[in-house]
Amino acid sequence: MLANKNTTDAEFENSIKNIFGPLEDAIDINPNNATARVVMSKTLKIIGDFSAARKVLKDALESVDKDITLTAIEKKEMKKTINNELKSL
């Protein structure tokens with residue numbers, strides 16, 4: 001659980017930071033994992049690191065076509081998602 005009404009700011013920040021380890025592991029295992037990169041960029045956006053979020057999204061966009069975990073249709077949708085996320089930054 002990330003947050004509830006009793007969660008302190010420090011606890012919330014710690015929860016967010018704990019997300020990065022598994023995401024980095026997923027990217028280490030499959031460097032073309034666009035989904036992990038998108039989740040990482042959204043997490044960076046939550047903590048206000050928009051520059052890093054933008055870089056991760058650009059990396060995700062480059063990796064989509066090589067992501068063996070996605071079907072052709074999912075790749076097309078992932079590209080739309082990434083482009084929409086880039087527009088929001």
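Remember, it's a predicted structure, so these values are computed and weren't measured experimentally.
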* **Distance (rounded to the nearest 0.5 Å) between Glu77 CD and Thr71 OG1** => 9.5 Å
* To do: Give a yes or no on whether Val56 and Leu61 share a hydrophobic cluster (residues Ile, Leu, Val, Met, Phe, Trp, Tyr; joining criterion: side-chain heavy atoms under 4.5 Å apart).
  => no
* Considering only heavy atoms from C-beta outward, does the side chain of Thr69 approach that of Asn32 to under 4.5 Å? -> no
* **same_hphob_cluster(Leu86, Val64) at 4.5 Å side-chain heavy-atom cutoff** => yes
* Structure fact -> Rounded to the nearest 0.5 Å, the CG atom of Asn33 sits from the CG atom of Asp59 at a distance of 12.5 Å
* Asked: So, the side chain of Arg37 versus the backbone of Lys58: is there a donor-acceptor pair under 3.5 Å, distance only?
  -> no
* More than 12 heavy atoms from other groups under 6.0 Å of NZ on Lys75 -> yes
* **Non-hydrogen side-chain atoms of Met40 and Ile27 separated by less than 4.5 Å** => yes
* Residue pair Pro31 / Ser63: nearest heavy atoms and the distance that separates them -> O-CB, 4.3 Å
* How far does CD1 of Ile47 sit from CD1 of Ile16, to the nearest 0.5 angstrom? -> 7.5 Å
* Connected via hydrophobic side-chain network under 4.5 Å: Leu57 and Leu70 -> yes
* If you round to the nearest 0.5 Å, how far is CG of Asn18 from CG of Leu23? -> 11.0 Å
* In terms of hydrophobic clusters joined by side-chain contacts under 4.5 Å, are Leu89 and Leu44 together? -> no
* In Å and rounded to the nearest 0.5 Å, what is the CD1 to NZ distance from Ile82 to Lys87? -> 13.0 Å
* Distance, nearest 0.5 Å, that separates OG of Ser41 from NZ of Lys55 -> 12.0 Å
* Any Val38 side-chain heavy atom under 4.5 Å of Lys42 side chain -> yes
* To do: Using atom types as modelled and distance alone, determine if a side-chain donor or acceptor of Asn14 lies under 3.5 Å from a backbone N or O of Ala10.
  => no
